[in-house]
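To start, the structure under review is shown below, and the notes come after it.
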Number of protein chains: 2
Amino acid sequence: MADDAEKLRADARANRDRILDAAREALAADPEASLHSIAKAAGVGQGTLYRHFATREALALGVYRKDVDAMVALAPGLLARQPPLQAFRSWCDRFAQYGRRKRAIANIVHAAMTEQDVRETYWPMVDAVRRLMAACEGSGEIAPGADPEDFLQLLGCMMQIAPTPEGEARARRLLALAFRGLGAKE
Amino acid sequence: MADDAEKLRADARANRDRILDAAREALAADPEASLHSIAKAAGVGQGTLYRHFATREALALGVYRKDVDAMVALAPGLLARQPPLQAFRSWCDRFAQYGRRKRAIANIVHAAMTEQDVRETYWPMVDAVRRLMAACEGSGEIAPGADPEDFLQLLGCMMQIAPTPEGEARARRLLALAFRGLGAKE
DNA sequence: GATAAAAACGGACACTTATCCGTTTGCGGG
DNA sequence: CCCGCAAACGGATAAGTGTCCGTTTTTATC
């Protein structure tokens with residue numbers, strides 16, 4: 001879990017932390033802050049930033065990993081407290097909405113599905129979906145056989161919708177459509 | 001229809017055409033050719049290129065407009081030759097697949113849904129979907145009430161999938177899921 | 001504590017997108 | 001014909017991303 005930042009030289013580790021701190025602050029102020037400016041704010045050269053985080057998404061992942069993990073960890077709790085289908089629905093709803101609000105998260109999800117170096121993040125998310133789907137299949141609330149990865153791709157799509165009122169409405173409709181596609185009873 | 005390039009000064013028009021020619025060739029060779037290099041190949045300054053086409057997508061649209069129009073124009077023909085649902089399915093399939101193959105098209109569709117200056121392209125596409133959907137509703141093959149724009153967003157999503165064998169398979173599954181979501185009979 | 005190899009640093013550099021603005025040019029009215 | 005000016009040009013310029021490589025620092029070893 002804490003496999004990043006392992007076996008790093010002391011100075012490297014310190015720099016990594018300073019970059020993450022600077023990035024957290026800079027990205028909060030402006031989600032598209034330049035990597036250059038983040039490096040400067042962290043007091044390191046650009047080379048150092050890029051060595052630690054090869055892409056903007058990798059950096060965002062460093063900053064938001066806790067959030068992503070929390071999202072993933074939410075699934076079991078929901079399943080314990082609600083009927084499977086309801087848990088599945090509300091998890092998807094929250095996840096997609098979170099991505100719509102924090103653009104960086106949406107980009108992480110998208111990158112996770114396509115780029116190699118962020119791919120490790122992918123599996124916990126797929127797994128959360130898999131559990132939720134399996135529970136729903138078990139209770140007969142959705143048709144069996146759907147692919148969790150497929151569905152995650154769909155969620156990624158819904159994160160790209162703007163968080164305007166109309167956007168939210170569209171996302172709700174699309175999520176409903178996706179659930180009907182899974183064979184969910186109304 | 002040919003409302004672009006209207007009322008342009010003679011030299012401007014000539015430059016526009018040369019840019020489009022150069023872009024067509026350059027983009028065919030490398031879909032991510034730099035706009036700079038395209039300007040140079042066309043023998044114009046960068047300023048000229050950007051004045052004619054404000055963004056990469058706008059340029060791509062200039063180059064591929066005929067293709068997009070052809071895609072849109074395909075719908076009525078399909079409806080005339082096949083049962084509505086089958087026509088709808090095959091249109092979506094072709095459209096999404098085409099986008100997967102020609103990344104520029106996918107970007108155009110995505111830009112059309114979000115950016116202002118490409119938005120005009122959006123409506124003919126929405127309209128094609130609307131006609132197909134209406135025909136299916138009319139024949140009772142899908143449930144009424146779905147929003148064409150919603151569905152187009154979904155198609156845009158399927159264009160972002162890589163055109164690998166697995167990607168194609170996933171796209172097929174997702175399209176099937178979307179149709180079930182619309183209430184289509186198998 | 002000296003030392004050498006590995007690890008990490010950081011800024012210069014190459015390339016791209018996008019804008020700005022002084023200069024040139026086509027074209028309709030005199 | 002030519003003249004003025006709006007239209008168009010095009011390159012300099014700013015700002016961002018990502019890489020490369022000579023230099024510095026850490027750390028393991030003696």
Side-chain angles (χ1 to χ4, degrees), chain A residues 3-23 25-27 29-63 103-104 107-108 110-111 114-118, chain B residues 3-23 25-27 29-63 103-104 107-108 110-111 114-118:
Chain A
D3 52 58
D4 41 333
E6 207 150 301
K7 273 179 150 191
L8 278 190
R9 232 170 65 174
D11 56 342
R13 197 170 202 340
N15 274 333
R16 189 178 191 280
D17 291 343
R18 291 203 293 143
I19 289 170
L20 281 177
D21 284 346
E25 187 165 359
L27 290 180
D30 171 12
E32 338 204 332
S34 88
L35 299 181
H36 235 98
S37 71
I38 291 176
K40 195 162 61 175
V44 304
Q46 312 97 291
T48 302
L49 193 161
Y50 280 103
R51 201 166 338 94
H52 282 291
F53 304 100
T55 65
R56 171 177 286 271
E57 280 68 42
L59 177 58
L61 182 56
V63 171
R103 180 51 52 113
N107 293 339
I108 287 172
H110 186 258
T114 58
E115 276 162 50
Q116 214 59 21
D117 67 329
V118 193
Chain B
D3 54 56
D4 39 332
E6 207 149 301
K7 273 178 150 191
L8 278 190
R9 232 169 64 175
D11 56 341
R13 194 167 203 343
N15 274 332
R16 189 176 192 281
D17 290 344
R18 293 202 293 144
I19 289 170
L20 280 176
D21 284 346
E25 187 165 358
L27 291 180
D30 171 11
E32 335 206 335
S34 86
L35 299 182
H36 228 97
S37 71
I38 291 177
K40 196 161 61 176
V44 303
Q46 313 97 291
T48 301
L49 194 160
Y50 280 102
R51 205 167 333 97
H52 281 291
F53 304 100
T55 66
R56 171 177 285 270
E57 281 69 41
L59 177 58
L61 181 56
V63 171
R103 179 51 52 112
N107 292 339
I108 288 172
H110 187 257
T114 57
E115 276 162 51
Q116 213 60 21
D117 67 330
V118 194

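Below, all heavy atoms of this structure are taken into account, side chains as well, without hydrogens, waters or symmetry copies. First the proteins, then the strands, lettered A, B, ... as listed; each starts at 1.
Within the structure, a side-chain polar atom (N or O) of B:Asn15 is placed less than 4.0 Å from OP1 or OP2 of D:dC9. Between A:Thr48 and C:dA8 there is no side-chain N or O to OP1 or OP2 distance below 4.0 Å. In terms of phosphate contacts, A:Tyr50 brings a side-chain nitrogen or oxygen within less than 4.0 Å of OP1 or OP2 of D:dG18. Between B:His52 and the phosphate of D:dC9, there is a side-chain N or O to OP1/OP2 separation shorter than 4.0 Å. Regarding contacts with the backbone of D:dT25, every side-chain N or O of A:Arg9 stays at 4.0 angstrom or more from both OP1 and OP2.
Atom NE2 of A:His36 and atom C1' of D:dG18 are 10 Å apart (whole Å). Nucleotide C:dT17 holds its P atom 13 Å from the CG atom of B:Asn107, rounded to whole Å. Spacing between atom CG of B:Leu8 and atom P of D:dC9 amounts to 8 Å, rounded to whole angstrom units. Taking atom CD of residue A:Gln46 and atom C1' of nucleotide C:dA14, one finds them 13 Å apart after rounding to whole Å. Regarding B:Arg56, its CZ atom lies at a distance of 8 Å from the P atom of C:dA18, rounded to whole Å. Distance CZ (A:Arg13) to C1' (D:dT27): 17 Å, rounded to an integer number of Å. As a whole-Å value, the separation of B:Glu32 CD from D:dT17 P is 17 Å. Between the P atom of D:dG16 and the CD1 atom of A:Ile38 lies a distance of 11 Å, rounded to the nearest Å.
Within the 4.5 Å cutoff, no side-chain heavy atoms of B:Arg103 are placed close to those of B:Ile108. Between B:Leu35 and B:Tyr50, some side-chain heavy-atom pair lies under the 4.5 Å cut-off. Using a 4.5 Å cut-off on side-chain heavy atoms (C-beta onward), B:Phe53 and B:Leu61 make no contact.
B:Leu59 CG to B:Thr55 OG1: the interatomic distance, rounded to the nearest 0.5 Å, is 8.0 Å.
Counting non-hydrogen atoms under 4.0 angstrom, B:Arg51 reaches a base of the nucleic acid. If you check every strand for non-hydrogen atoms under 4.0 Å, A:Ser34 touches sugar and phosphate atoms only.
Residue A:Glu115 qualifies as enclosed at atom CD: its count of foreign heavy atoms under 6.0 Å is above 12.
When the nucleotides C:dG26, C:dA8, D:dT17 are ranked by their closest atom to the side chain of A:Leu35, D:dT17 comes out on top.
Mapped onto DNA chain C by nearest heavy atom, B:Ala33 and B:Asp11 fall at different nucleotides, with B:Ala33 at the one closer to the 5' end. When each of B:Ala54 and A:Gly43 is assigned the nucleotide of DNA chain C bearing its nearest heavy atom, the one mapping closer to the 5' terminus is A:Gly43.
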